[in-house]
J.: 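I have a structure here, written as structure tokens, and I will follow up with some questions on it.
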Amino acid sequence: MNTPSLQSQLDDLPNNVNTLKNYIISLFGVIGSLTLEKAVLKQELYEAEEALLKVQEATKTSRVSL
């Protein structure tokens, strides 16, 4: 995933404090969403690793060798 880059010219910056506040709130929302997504992906990776370990253990005790 590519990290988005934020570029701005001086004229693009909001001159209204409320607008700037809304941008900051939106930015924190995006950061929170990415943090949650990372936590979910870490959990899924952990579950996949656990499943792989169980499959590896089952192959050791199985009569059929892979």
Side-chain angles (χ1 to χ4, degrees):
M1 181 166 83
N2 293 335
T3 304
S5 63
L6 299 175
Q7 295 182 355
S8 173
Q9 298 295 327
L10 200 50
D11 296 335
D12 295 339
L13 296 175
N15 56 6
N16 183 324
V17 173
N18 287 330
T19 303
L20 186 56
K21 235 191 280 188
N22 289 337
Y23 287 157
I24 292 171
I25 290 169
S26 295
L27 181 60
F28 275 108
V30 169
I31 291 169
S33 176
L34 290 173
T35 303
L36 178 61
E37 184 176 324
K38 179 183 174 186
V40 168
L41 289 173
K42 282 177 113 176
Q43 178 63 30
E44 290 174 349
L45 179 60
Y46 172 78
E47 291 171 5
E49 288 174 342
E50 287 293 311
L52 178 59
L53 288 174
K54 289 178 182 176
V55 168
Q56 288 173 336
E57 278 299 312
T59 58
K60 289 179 186 175
T61 60
S62 174
R63 293 183 188 185
V64 177
S65 179
L66 297 177

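Source: prediction; values computed, not measured.
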J.: With Glu50, which residues qualify under side-chain hydrogen bond (donor to acceptor under 3.5 Å, both in side chains), at least two apart?
T.: none

J.: Between the main-chain N or O of Gly29 and the side-chain N or O of Ser33, is there a donor-acceptor pair closer than 3.5 Å?
T.: no

J.: Quick one: does Leu27's side chain get under 4.5 Å of Tyr23's, heavy atoms only?
T.: no

J.: So how far is it from Thr19 OG1 to Ile24 CD1, rounded to the nearest 0.5 Å?
T.: 11.0 Å

J.: In plain terms, say whether Lys54 and Glu57 are close enough for a salt bridge, that is, a side-chain N and a carboxylate O under 4.0 Å apart.
T.: no

J.: So which of Val30, Ile31, Leu36 actually passes side chain to side chain contact (heavy atoms under 4.5 Å, CB included) with Leu34?
T.: Val30

